[in-house]
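Okay, structure first, notes after.
Residue numbers begin at 1 in each chain, while the letters A, B, ... track the order of the sequences. None of these values were measured; they are calculated from a predicted model. What you see below is based on every heavy atom in this structure, not just the backbone, and it leaves out hydrogens, waters and symmetry mates.
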There are 2 protein chains.
Amino acid sequence: MTPDDLNTDAASALDPAPSSTGHRNCPVRDVLDRLGDKWSTLILVTLSQSPQRFNALARAVPDISRRMLTETLRHLERDGLIWREVTPSTPPSVRYGLTPLGASLMSPLTELIAWAERHQPEIVAARARFNGRMANS
Amino acid sequence: MTPDDLNTDAASALDPAPSSTGHRNCPVRDVLDRLGDKWSTLILVTLSQSPQRFNALARAVPDISRRMLTETLRHLERDGLIWREVTPSTPPSVRYGLTPLGASLMSPLTELIAWAERHQPEIVAARARFNGRMANS
DNA sequence: CATGTCGGTTCTCTCAAGGTAACTATAGGC
DNA sequence: GCCTATAGTTACCTTGAGAGAACCGACATG
């Protein structure tokens, strides 16, 4: 369980820093950094229902800006979690969907999501207790 | 699977923003924000082995500053994932360990970690392919 | 007398994540 | 002539996470 030192120096020339979170490039950190960002999980869950077009995603994930949608999709595509299919019509059409790798991530991810939904009341209660303890101390 | 709007206004008075990631306070985001930060997962995994004292943790999690260690521990404690036990001796002794809630998180978390370790080669390969495609385009 | 250990707190600084707005080009509808 | 939709790109700005160092008080050790 101790994180291994893996030195993947296949750093992207286009995107400054995929391995920038410190010198120890642990695969877990690699994945959690992606899942921990603001939009990746929402996009993955949305795409797990069915492939979607760019603007459909923008509508399905409210409040995301096109800039962040593009960026997040590129990251997920680079990591092989989603595919991107361009139909060069006018206006152009682009579809996104989960790759087998991305689909395989959904299983542990949905379990984590289920845990979060099951235990959120306990977390809220714990926060209330903690705030109470802090207040009267 | 669509994230619910839950309005937990039990905002901490001491710590500005636990629910600051946008207006839609989804429990999943709540958990992933924590897991996605730089140190929480490492600390949880370390504590899942056995309870640890502050400086033992600092040694077990290399490169973490005392400042971030304190902050991360407080966050985890506030969310009810770890407990904190102070022995007011001189010098004082403080132990940290997983609560039942924190222990219950380890199950989905270790699955996610296992996924990351199993599939990291594919991710690395996907990144290499992606960078290749970008290079000759 | 100086140094180290315990578990932190406080301060300042930087860098990257993310938000917002404007712009691209082509085509169709009103 | 103007607005919409397609899928982005570019430039600019704000904010917050995290780094790093100094400092705390009581005690022990050399």
Which side-chain N or O atoms in residues 94-102 of chain B pair as donor and acceptor under 3.5 Å with protein atoms at least two apart or in another chain?
unit_1, atom_1, unit_2, atom_2, d
B:R95, NH1, B:E85, OE1, 3.0
B:Y96, OH, B:R84, NH1, 3.3
B:T99, OG1, B:G80, O, 2.6
B:T99, OG1, B:L81, O, 3.0
B:T99, OG1, B:L101, N, 3.4
B:T99, OG1, B:G102, N, 3.0

Under a 4.0 Å heavy-atom criterion, the protein footprint on nucleotides 21-30 of chain C, written with B, S and -, is ------S---

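Among the atoms of the strands shown, only primed sugar atoms or phosphate atoms (P, OP1, OP2) are found under 4.0 Å from some heavy atom of A:R84. Within the 4.0 angstrom heavy-atom criterion, only backbone atoms of the sugar-phosphate kind lie near A:R59; the bases stay farther away. Residue contacts shown for B:R95 are absent, as no nucleic acid heavy atom lies under 4.0 Å away.
Atom P of nucleotide C:dA17 and atom CG of B:D37 are separated by 15 Å, given to the nearest angstrom. Taking atom OH on B:Y96 and atom P on C:dG7, their separation rounds to 8 Å, with Å as the unit. Summarising the geometry, the separation between CG on B:D33 and P on D:dG18 is reported as 11 Å, rounded to the nearest angstrom. The interatomic distance linking A:I64 (CD1) with C:dG19 (P) rounds to 8 Å, in whole Å. Rounded to whole Å, the distance from CG on B:D63 to C1' on D:dA19 is 11 Å. Between the CD1 atom of A:I43 and the P atom of C:dG18 there is a distance of 11 Å, rounded to whole Å. Rounded to whole Å, atom C1' of D:dG16 lies 11 Å from atom NE2 of B:H75. Across the protein-nucleic acid pair, A:R74 atom CZ and D:dT10 atom P stand 11 Å apart, rounded to whole Å.
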Just do the side-chain contact (heavy atoms from CB on, under 4.5 Å) check on A:S40 and A:I43 with the steps written out, would you?
-> CA-CA 5 Å; A:S40 291; A:I43 290 178; 5.9 Å; no

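Mapped onto DNA chain C by nearest heavy atom, B:L73 and A:M68 fall at different nucleotides, with B:L73 at the one closer to the 5' end. Each of B:N55 and B:T70 was matched to the nucleotide of DNA chain C holding its nearest heavy atom; the match closer to the 5' end belongs to B:N55.
If you take atom P in C:dT3 and the same atom in C:dG7, they sit 22 Å apart, rounded to whole Å.
Annotation: cation-pi pair B:R29/A:W39 present, NZ/CZ under 6.0 Å from the ring centroid and within 45° of its normal.
With respect to the salt-bridge test (charged N to carboxylate O, under 4.0 angstrom), the residues A:D30 and B:R127 qualify. A salt bridge is absent between A:R74 and A:E71; no separation between the charged side-chain nitrogens and carboxylate oxygens falls under 4.0 Å.
For the OP1/OP2 pair of C:dG8 and a distance below 4.0 Å, the side-chain nitrogens and oxygens of B:R53 include no atom meeting the criterion.
The closest donor-acceptor contact from the side chain of B:S107 to the backbone of B:S104 lies at 3.5 Å or more, if one exists at all.
When all heavy atoms of B:P92 and B:R53 are compared, the closest pair comes out as O-NH2, 3.9 Å.
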